[in-house]
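Notes for the one structure printed next.
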Number of protein chains: 2
Amino acid sequence: MKEKKKISNSVIKRMPRYYRYLSTLKQMGISRVSSKDLSTRMGITSSQVRQDFFSFGGNGLQGYGYDVEFLHGEIHKILGLDNIHPVIIIGAGSLGHALAKHTDFAKSGFKVVGVFDIKPELIGEKINDIEIMHLESLPEFIQNNPVDIAVLTVPENYAVEVAKMVTGLGIKALWNFSPVELNTPEDIIVENIHMIDSLIVLGYNLNER
Amino acid sequence: MKEKKKISNSVIKRMPRYYRYLSTLKQMGISRVSSKDLSTRMGITSSQVRQDFFSFGGNGLQGYGYDVEFLHGEIHKILGLDNIHPVIIIGAGSLGHALAKHTDFAKSGFKVVGVFDIKPELIGEKINDIEIMHLESLPEFIQNNPVDIAVLTVPENYAVEVAKMVTGLGIKALWNFSPVELNTPEDIIVENIHMIDSLIVLGYNLNER
DNA sequence: TAGATTGTTAATCGATTAACAATC
DNA sequence: TAGATTGTTAATCGATTAACAATC
């Protein structure tokens with residue numbers, strides 16, 4: 001993958017949004033779109049749209065715009081949405097349950113293959129055909145099943161410890177829902193969903209209004 | 001609130017993280033901290049920490065560092081964490097349930113006062129003493145109860161419509177969990193938790209590794 | 001005092017926006 | 001053709017980092 005020119009992180013972070021909107025257009029049977037159009041719907045400038053697409057060769061046509069189908073396909077490729085990533089969820093509380101039930105992730109290639117917890121009363125329960133297993137059986141599970149991503153929906157005071165455990169077992173990517181900094185080694189990829197942070201910023205903006 | 005000098009958005013977004021870490025330090029009985037210290041734990045530069053604190057008067061002491069208690073208090077004030085924000089949740093699916101059950105939000109001043117859905121079988125059910133009400137009763141509810149923030153955990157195809165409805169009822173802030181752009185009027189404050197976007201970026205980084 | 005560490009300015013870097021020639 | 005809209009460079013803006021005098 002290294003030979004590709006690097007797309008900047010800020011652009012990558014906008015990609016899923018572009019992708020979502022292009023999916024809608026595709027569904028509506030719309031075949032072309034201008035940077036102007038995209039920009040107003042997404043609340044950014046058309047300059048930025050063009051700059052973004054230019055960074056990976058969006059193949060626009062002067063006087064015409066961009067081909068929805070092509071652009072959609074390009075972003076699909078860039079984001080690697082064809083890849084299937086086996087995912088485990090650690091922590092089968094209500095949030096863990098909600099994520100396990102959420103079938104939409106599978107549409108983007110993220111397939112939940114296991115749910116783990118330590119509470120005896122949860123073990124054996126099934127969520128969407130996936131059995132909740134004891135965290136102790138995780139090492140064995142990983143030996144028999146490839147796992148790309150661990151979702152951390154454990155209580156905050158366990159998060160660091162569990163992160164250490166799963167990265168120790170070879171998992172390279174964490175999707176962390178606990179409101180803590182994981183401080184993982186460099187080669188571990190982490191994405192945080194710090195819900196409370198987002199809510200606090202919302203509250204701040206509301207206060208400042 | 002306008003007389004205060006504006007703190008940049010990027011700084012504000014880092015605030016909850018600072019705050020969390022300072023809370024930990026406080027709990028551990030640590031009374032001072034240097035920008036160096038904070039920076040290594042948070043994976044940023046010490047220059048940035050100083051710059052950030054300088055922007056709101058962190059009151060550091062040369063040769064000493066920052067007073068944990070003071071800094072904690074300042075950020076608490078800036079973020080307005082003393083304010084109580086009444087919150088309603090719209091959409092009592094598994095995610096709505098999970099958020100309603102999550103008592104930690106209350107610790108930061110966000111108090112869930114109502115949960116709404118349209119599914120008959122859910123109406124009347126209680127989550128943490130909060131009864132699920134029919135969405136039709138929302139207008140009446142809002143007349144009798146102040147509501148600052150609406151959490152949108154409705155299915156994606158309802159999100160825009162529901163957003164329109166609640167902002168029409170006077171709610172000024174939306175915490176949106178649906179993977180759509182809401183395109184709300186200027187004066188409506190929106191924070192998105194686009195989970196799938198985050199997961200896709202995680203997948204991208206994993207592919208690029 | 002000497003060492004540590006901030007406050008604060010300046011330099012750098014990167015991202016966004018503007019502009020317009022190219023061209024469909 | 002004339003109008004639209006991109007590709008692409010340049011300008012601007014803002015955020016991050018570096019530097020170091022001030023000072024505890």
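Residue numbering restarts at 1 for every chain, and letters A, B, ... go by the order of the sequence lines.
You can see that DNA chain D meets the heavy atoms of chain A within a 4.0 Å-exclusive cut from dA4(D) to dA10(D), reading 5' to 3'.
Nearest-nucleotide mapping onto DNA chain C: of Ser46(B) and Gln51(A), the residue sitting toward the 5' end is Ser46(B). Annotation: of the two residues near DNA chain C, Asn9(A) and Leu61(A), the 5′-most nearest-nucleotide partner is Asn9(A).
Residues Val113(B) and Ile130(B) are not in side-chain contact: their nearest non-hydrogen atoms beyond the backbone lie 4.5 Å or more apart.
Using cut-offs of 30° and 60° on the angle between ring planes, the pair Tyr19(B) and His72(B) is parallel.
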TODO: Starting at the 5' end of DNA chain C, write a dot or bracket for each base, bracketing those in Watson-Crick or G-U wobble pairs whose two distances are under 3.5 Å and using | for partners on another strand.
DONE: ..||||||||||||||||||||||
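Salt-bridge formation is detected for the pair Lys77(A)/Glu74(A): a Lys NZ or Arg NE/NH1/NH2 atom is positioned less than 4.0 Å from an Asp or Glu carboxylate oxygen. In summary, Arg14(A) and Asp52(A) engage in a salt bridge, as defined by a charged side-chain N under 4.0 Å from a carboxylate O. Residues Asp187(B) and Lys172(B) are paired through a salt bridge, judged by an N-O separation under 4.0 Å between the basic side chain and the carboxylate.
Nucleic acid contact for Tyr64(A): sugar-phosphate only, since backbone atoms but no base atoms lie under 4.0 Å from a heavy atom of the residue. Within the nucleic acid shown, Phe53(B) has no heavy atom closer than 4.0 Å to any nucleic acid atom. Among the protein residues, Ser47(A) comes within range of the nucleic acid bases, having at least one heavy atom under 4.0 Å from a base atom. Among the protein residues, Asn59(A) comes within range of the sugar-phosphate backbone only, with heavy atoms under 4.0 Å from sugar or phosphate atoms but none that close to a base.
When ring centroids are compared, Phe56(A) and Phe53(A) come within the 6.0 Å threshold.
Seen from the ring of Tyr64(B), Arg32(B) counts as a face-on cation partner, given the 6.0 Å and 45° thresholds. Cation-pi geometry between Arg41(A) and Tyr21(A) is not met at under 6.0 angstrom from the ring centre and within 45 degrees of the axis.
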